[in-house]
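Okay, so here's the structure we're looking at.
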Amino acid sequence: MKSRITSLIQDYLNSKEIDEKIQFSVEYPKQEEFGDYATNTAMILAKQLKRKPVDIAEELIEFLKDNEIFEKIEIAGPGFVNFYIKPQAILEEIKSIHKDHLSYFQPMVEHKKVQVEFVSANPTGPLHIGHGRGAAIGDSISRILKYSGFQVEKEYYINDAGLQMRMLGLSTFARYKQLLGIDENVPEDGYQGEYLVDIAKDMMVEYGDALLNKKEDEAISICQKKAQDVILNDIVKTLKEFRIEFDTFFKEKKLYDSNEVDNSIEYLKSKGYIYEQDGAVWFKTTAFGDDKDRVLKKSNGAYTYFASDIAYHKNKFLSRKFDTVIDIWGADHHGYVKRMKSAIEALGIDGGSLKVILVQIVNLLRGGKKVSMSTRRAQFIELKEVLEEVGVDAARFMFLSRSVDSHLDFDLELAKKQTSENPVYYAQYAYARIKNIFKQADCELKFDDADLNNLNTKEEIDLAKAVIKFKDFIKKATEELEPYFITKGVLAIAENLHKFYNRQKVIGSEFEKERLFLLDSVAKVIKLGFDLIGVEAKEKM
RNA sequence: GCGCCCGUAGCUCAGCUGGAUAGAGCAACGGACUUCUAAUCCGUAGGUCACACGUUCGAAUCGUGUCGGGCGCGCCA
């Protein structure tokens, strides 16, 4: 509907042979009395044509007024043009939605091959609530892009080559020794969590005290391998409970085994971006606007994470040929973005092909009071626990209810409450209400002879409008990679459904068939919205 | 010190490619259940859009500065 009006205005501009670059907008007015849609075209044109906005607006109205979809068109304020759409035109849209809602809401985009990389937590411990938000966002973005027609691959990157994994091995080995009565402390900067004790117990079952007879280095490697596998399995299991499954798990080690890290450095060297200084290998990221150059290989011969990350992204773009790569990182990594983009450009790839989404932190609250978290002492709330406590639907909805770059307060008590304070139930209840009506209506769902023009109450039309408007929410979510627009759109539909429900009867009413037709369409759209954020559309509550 | 994000109602947040009287949810207060589930609806109240200056016909929105909050700045990971 919006695009239809936009193109009608474009027709007007064309008829006036006006420069196509006019950036007019078609918006939803803030207030209901200003109509269904409004455009600022006249005001924008006024500047260029040096004419009064009101005169241009009148001309525009003259051009458009005979179109059948408009009830009336008015000039308002400084030169806005307000459009009032005929209910029949709105109900026509509902017919198309009912016929094929999936294609109705699909945004027009170029269908590219895109990779979404998210979570990517090192398998050194269980996922905590912060990972949960990144996971929900990454998964939802994937769903949205897939729906929009992109070819999407979800990937989890595992840093299994660095010092942290070594530390995991050391910590596990220390726990193992403790179990055997040896006085040994987990390293100060190691992993203190209790979960390593459990893993050490498994080691006991498997190896007895045999590891003590092996070379220490080998024993640590065995511990590391075991701990990594167990923890990763646990992470995968938690994610699965959270309704997230990855297409690929990519291991950092692979980049070293296949010499891709060295090759990448060689490649950059051939382009002249590499130099040696103080025994280390440097990458001239300042050539791309970074604050300073970065080390790829330390003077002790070890590679930095940046080195493998470059190889990793080279692999994504050049070997696997993704058109767009979306990396979802915690906000504390923002200092890394510039560096990574520099690397991409040095590889000859358009910097815009890499989209880094920085997810802001989650404040965990309980009854309004902050729950303190310390990663160091492993006193964090695990995602698993949160899911058990509040449920997957509430957790996902909560995570996706704010824009990505704003801090999120996650209140465990509130997420658990089945009251109006908790929006997830508000939305789910709307869907359940519709399904309940259908259950009781006991109809065959044959709508062939439904005459939608019988729907003329304000509640029915408003509900229909909210459904049509959902198209814009999907569009925005897709363009801005912001799943919270979906959440917002679903809530807007739910609101109108509840209003309708409170004032209009369906079963036994004069226009039962027509209303069922409308509600069937609404249910389809709510279901679509829920699918895009990974929340279950419950038939009964 | 430099860089990034942020400051809007009591709380949590929308709105930010400049446009109409700044919005929503929650909390508060007052109403509506012999009803297709009241997990809902209706109404009331609530604001110096941190502050200052600038650009503009027009600024919550753009620019500069100040104050306040968060985060990042290593041959760390």
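Throughout, protein chains are lettered first and strands after them, A, B, ... in sequence-line order, and every chain is numbered starting at 1. Just so you know, these numbers use all the heavy atoms, side chains as well, and skip hydrogens, waters and symmetry mates.
- For B:C33, the base adopts the syn conformation, since its glycosidic angle falls within 90 degrees of zero.
- Comparing A:Leu358 and A:Lys499 against RNA chain B, the residue whose closest nucleotide sits nearer the 5' end is A:Leu358.
- Residues A:Tyr84 and A:Phe70 keep their aromatic ring centres 6.0 Å or farther apart.
- Both tests do not hold together for A:Arg402 against A:Tyr484: distance to the six-membered ring centre under 6.0 Å, angle to the ring axis within 45°.
- Contact annotation: side chain of A:Thr304 to base of B:C75, donor-acceptor pair absent below 3.5 Å.
- Here B:A9 sits opposite no nucleotide as a Watson-Crick or G-U wobble pair (both hydrogen-bonding atom distances under 3.5 Å).
- If you measure from atom CD1 of A:Ile274 to atom P of B:C75, you get 15 Å, rounded to the nearest angstrom.
- Between B:C26 and A:Tyr426, no contact under 4.0 Å exists linking OP1 or OP2 to a side-chain N or O.
- You won't find any donor-acceptor pair under 3.5 Å spanning the side chain of A:His333 and the base of B:G72, going by distance alone.
- Between A:Arg433 and A:Arg503, it is A:Arg433 whose nearest contact on RNA chain B lies nearer the 5' terminus.
- In this structure B:G43 sits in a base pair with B:C29, meeting the Watson-Crick or G-U test at under 3.5 Å.
- If you check distances only, the side chain of A:Asn82 does reach the base of B:A20 with a donor-acceptor pair under 3.5 Å.
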